[in-house]
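Step one of this worksheet: look at the structure below.
Not measured: the values here are computed from a predicted model. Proteins get letters first, then strands, A, B, ... in listed order; numbering begins at 1 in each.
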Amino acid sequence: MQFEPRDQFEQRQKKLEQIQALGYEAYPREFRWTETAAALVEQYGQTTGAELEANKREVRVAGRIVSYRLMGKAGFAHLQGSGKRIQIYVRKDVVGEKAFQLFHLLDLGDSIGVRGHLFRTKTNELSIWVEELFFLSKALLPLPEKWHGLTDVELRYRQRYLDLIANEKAREVFVTRARIVQELRRFFDARGYIEVETPMMHPIAGGATARPFTTHHNTLDITLYLRIAPELYLKRLTVGGFDRVYEINRNFRNEGISTQHNPEFTMLEFYEAYSNYRDLMDMNEQLFALVAKNITGSTTVKYGETELDFSNMQRLTMREAIVKYWPADAGEAPALAELARPGGAQEATNRYNAWAKRTGAPYAAAKGTLADGEWTGLLFETMAEDKLVQPTILYDFPTEISPLSKQKPEDPSLTERFEIYVAGMEVANGFSELNDPGEQERRFLAQIAQGGEEVPKQLDVDYIRALCHGMPPTAGEGIGIDRLTMLLTDSASIRDVILFPLLRPEAGGESSSTTEAHGA
RNA sequence: AGGGGCGUAGCUCAGUGGUAGAGCAGCGGCCUUUUAAGCCGAAGGUCGUGGGUUCGAUCCCCACCGCCCCUACCA
């Protein structure tokens, strides 16, 4: 063991020995507490000193020492527990010689327990008059600075535990995240859904277009992929008669890292038999409004500089969005009929790009030859996606970019698919599920023929077979939990809502990392 | 991957081409209602790493490492 700062580490080890020499256990096994610091602050925040004095109440509280002021034969400290802190007052003439020596040997960061009663100090702060002191655990390394806390973003991510101790805001974000997941479970449980867990290691990485992580199973000697989506397994379950299922868990995509992307991220995916994408759109309006309300207290949520109104989601088709957000000075906006016409989306994109070139706006760069639907998707993403700040349901996606969605009966070039955009981010993606095995096989084969790293190399025959056993008409959707949490906690980066976001491993350690770094 | 920014004491930050500073934390002392406690004293640094320019580099230049932001890929 050698951690910086060495001098403080050694100093604290010495203190721990002295504490043991006093007769205290170095690492005791338990402490029976009666309430948390947070509960006391909540319960007695309004109680006066006189009331506390008249009605002495014994409490036993445990926590981490986050402030410490020693004055000769007495001292104050704050104990932090359940995210809140309460002051303790320790007097030598009350706790006795030995316990007061222990108090002397404590450091910021140590865990202790106290028995005593509540009172208010001269300055009227709710405090515990300590009668007995219990040593619980030593912090051999110091806490971050008490006033500024921990601001170094890298340390906040790498040593999240320090962030959680020092920054109440950080703690709140993760408590809120847990509440969001709870809300979602409640929502689906109440609608007769059952929660399931499907494999995370897939022989064929399907259900989305993304580059997978590759791994290997020794005994079977097979290549496996970390799942990029649970979709195909969940739909097998709807074949199996689980008419309403959901799963909340991790997906893994071997893609870039940004404020909106972490290689592993949490998705809620759910499938509802006998419903279509319009049913889901209606359900989403309820869901988002309800979750926003229950989590933040209002359907209007502050996010950065804007106010997001979840009570009123606009709905636009993808083509409508392109027309609506067409730049005013980029010439005539395309008509819906033009976008629908063969070659029309490409022509519109060319017009847009000519304008983008003049003005330096983002350019719609096509890689290879695109189908009409791909042009539409590309154009939308380039010029409209980031304009969708207020919660928006975008629907009717081109078939070419929606391999798992059912086509619209009146227009096979479009599918019954929607995505929900908020603050320019895609937070949900749902559709009427394609359950025609023949059509599904054709689309998979077309994908494979087209190739690319984000596309499986082989046909998922088992999934096609499952469809052949008959899947009821079903609508399904995925909601990005990390991004939803960002929106409801006013977090600018996905790393602020993931406890341990992926970072490059710390340097200075072992051999291999450096050699690999040079190869990359 | 490309562009921009940052990296100085454990933490939060100043600073300068001439061998480095503050506050907090830590150490010793005084202090029985303090709360960013106070007062006195001492300590703490390969200024991210490696090269180069220079009589001399923490500062200027180059490369590398790490993090952040933007763009690209993606949800």
Side-chain angles (χ1 to χ4, degrees), chain A residues 3-12 14-15 49 66-78 85 87-95 100 107-109 119-125 127 129 139-159 162 166 208-211 228-229 251-267 269 360 362-363 365 367 381-382 385-386 419-421 425-429 452-454 478-484 486 492-495 501 503-508 513-514 517-518 520:
Chain A
F3 297 104
E4 294 297 321
R6 286 299 292 274
D7 56 334
Q8 292 195 42
F9 190 87
E10 286 162 10
Q11 184 64 41
R12 286 166 182 238
K14 262 182 223 145
K15 285 184 179 180
V66 291
S67 81
Y68 180 80
R69 297 172 294 284
L70 180 63
M71 295 160 298
K73 298 188 180 63
F76 290 92
H78 277 97
R85 44 185 65 183
Q87 181 169 260
I88 63 168
Y89 180 47
V90 181
R91 292 169 59 113
K92 187 176 181 180
D93 60 0
V94 175
V95 299
F100 203 70
D107 286 295
L108 289 182
F119 78 110
R120 283 190 183 271
T121 61
K122 272 184 185 168
T123 51
N124 207 35
E125 177 165 352
S127 307
W129 181 281
L140 295 173
L141 291 170
L143 246 32
E145 203 244 13
K146 66 178 176 187
W147 188 240
H148 299 91
L150 190 67
T151 58
D152 183 315
V153 280
E154 182 179 354
L155 283 183
R156 295 214 301 122
Y157 299 148
R158 286 196 194 280
Q159 293 180 265
L162 293 181
T209 45
R211 284 147 69 194
I228 55 175
N251 293 328
F252 308 85
R253 298 189 184 173
N254 207 338
E255 310 276 357
I257 296 175
S258 78
T259 46
Q260 292 170 34
H261 302 83
N262 193 62
E264 54 177 303
F265 62 102
T266 300
M267 198 124 96
E269 258 192 43
Y363 191 82
K367 286 173 305 190
E381 283 170 21
T382 309
E385 183 173 1
D386 62 334
E419 290 188 343
I420 297 176
Y421 286 86
M425 283 192 294
E426 181 190 335
V427 294
N429 178 17
E453 271 186 291
E454 333 53 49
I479 297 180
I481 300 301
D482 312 278
R483 289 180 177 179
L484 179 61
M486 287 170 68
S493 170
I494 200 167
R495 291 185 205 92
L503 300 178
R504 201 177 296 274
E506 278 184 279
S513 58
T514 47
H518 287 129

Report all interatomic pairs (protein N or O, nucleotide N or O of nucleotides 4-7 of chain B) with separations under 3.5 Å.
none

Practice problem: Could you verify whether a donor N or O on one side chain and an acceptor N or O on the other, from A/Gln87 and A/Ser127, lie under 3.5 Å apart? | Solution: yes
Exercise. Look at all strands and tell whether A/Phe119 reaches a base, only sugar-phosphate, or nothing, counting heavy atoms closer than 4.0 Å.
Key: base
Quiz item: Can you list the residues that meet the side-chain contact (heavy atoms from CB on, under 4.5 Å) rule with A/Lys15, with sequence neighbours excluded?
Solution: A/Gln11, A/Gln18, A/Leu105, A/Asp107, A/Lys138
Quiz item: Given side chains that start at C-beta, do those of A/Val427 and A/Leu484 come closer than 4.5 Å, heavy atoms only?
Solution: no
Quiz item: How close or far is atom P of B/U32 from atom CZ of A/Arg91, stated in whole angstroms?
Solution: 10 Å
Close N/O contacts between protein and nucleotides 68-71 of chain B (under 3.5 Å):
from  : atom 1 : to       : atom 2 : distance (Å)
B/C68 : OP1    : A/Arg495 : NE     : 3.2
B/C69 : OP2    : A/Arg495 : NH1    : 3.0

Exercise. With C1' as the reference atom in both, quote the distance from B/U19 to B/A57 in angstrom, rounded to an integer.
Key: 11 Å
Self-check item: Test salt bridge (charged side-chain N to carboxylate O under 4.0 Å, His left out) applied to A/Arg495 - qualifying residues, sequence neighbours left out
Solution: none
Quiz item: In whole Å, what is the span from the CG atom of A/Leu70 to the P atom of B/A25?
Solution: 13 Å
Practice problem: Please tell me which of A/Thr121 and A/Gln260 maps to the more 5' nucleotide of RNA chain B, matching each residue to the nucleotide holding its nearest heavy atom. | Solution: A/Thr121
Quiz prompt | Atom-pair distance (CZ on A/Arg69; P on B/G26), nearest Å | solution = 12 Å
Quiz item: From A/Gln8 CD over to A/Leu140 CG, what is the distance, rounded to the nearest 0.5 angstrom?
Solution: 11.5 Å
Exercise. Starting from the 5' end of RNA chain B, give me the residue, A/Glu381 or A/Ala77, whose nearest nucleotide shows up first.
Key: A/Ala77
Quiz item: Taking the six-membered ring for Trp, are A/Trp129 and A/Phe119 parallel (under 30°), tilted (30 to 60°) or perpendicular (over 60°)?
Solution: perpendicular
Write out a two-atom table: protein N or O, nucleotide N or O from nucleotides 27-29 of chain B, distance below 3.5 Å.
from  : atom 1 : to      : atom 2 : distance (Å)
B/C27 : OP1    : A/Lys15 : NZ     : 2.2

Self-check item: Base-pairing mate for B/A43 - Watson-Crick or G-U, with both contacts under 3.5 Å
Solution: none
Quiz item: Paired with B/G17: which nucleotide, if any, by Watson-Crick or G-U wobble criteria at under 3.5 Å for both distances?
Solution: none
Practice problem: Find the distance A/Tyr363:OH to B/A72:P and express it as a whole number of Å. | Solution: 14 Å
Practice problem: Please give the nucleotide sitting opposite B/G38 as a Watson-Crick or G-U wobble pair, both distances under 3.5 Å, or none. | Solution: B/C30
Quiz item: Across the strands shown, which category fits A/Asn124 at heavy-atom distances under 4.0 angstrom: base, sugar-phosphate, nothing?
Solution: nothing
Self-check item: N/O donor-acceptor pair, side chain A/Glu125 with base B/U33, under 3.5 angstrom
Solution: no
Exercise. Answer with yes or no whether A/Glu419 presents, from its side chain, a donor or acceptor under 3.5 Å of a partner atom in the base of B/A75.
Key: no
Practice problem: Look at all strands and tell whether A/Gln8 reaches a base, only sugar-phosphate, or nothing, counting heavy atoms closer than 4.0 Å. | Solution: base
Practice problem: Take the protein atom CZ of A/Arg158 and the nucleotide atom C1' of B/G66, then report the distance between them rounded to whole Å. | Solution: 7 Å
Exercise. Tell which nucleotide pairs with B/A22, taking only Watson-Crick or G-U wobble pairs whose two distances are both under 3.5 angstrom.
Key: B/U12
Quiz item: With a non-hydrogen cut-off below 4.0 angstrom, is A/Leu155 in contact with a base, only sugar-phosphate, or nothing?
Solution: sugar-phosphate
Quiz item: Sequence neighbours excluded, which residues qualify as salt bridge (charged side-chain N to carboxylate O under 4.0 Å, His left out) partners of A/Arg91?
Solution: A/Asp93
Self-check item: Partner nucleotide of B/C60 by Watson-Crick or wobble geometry (both distances under 3.5 Å)
Solution: B/G52
Quiz item: Base, sugar-phosphate alone, or nothing: which one does A/Gly256 contact when heavy atoms must sit under 4.0 Å apart?
Solution: base
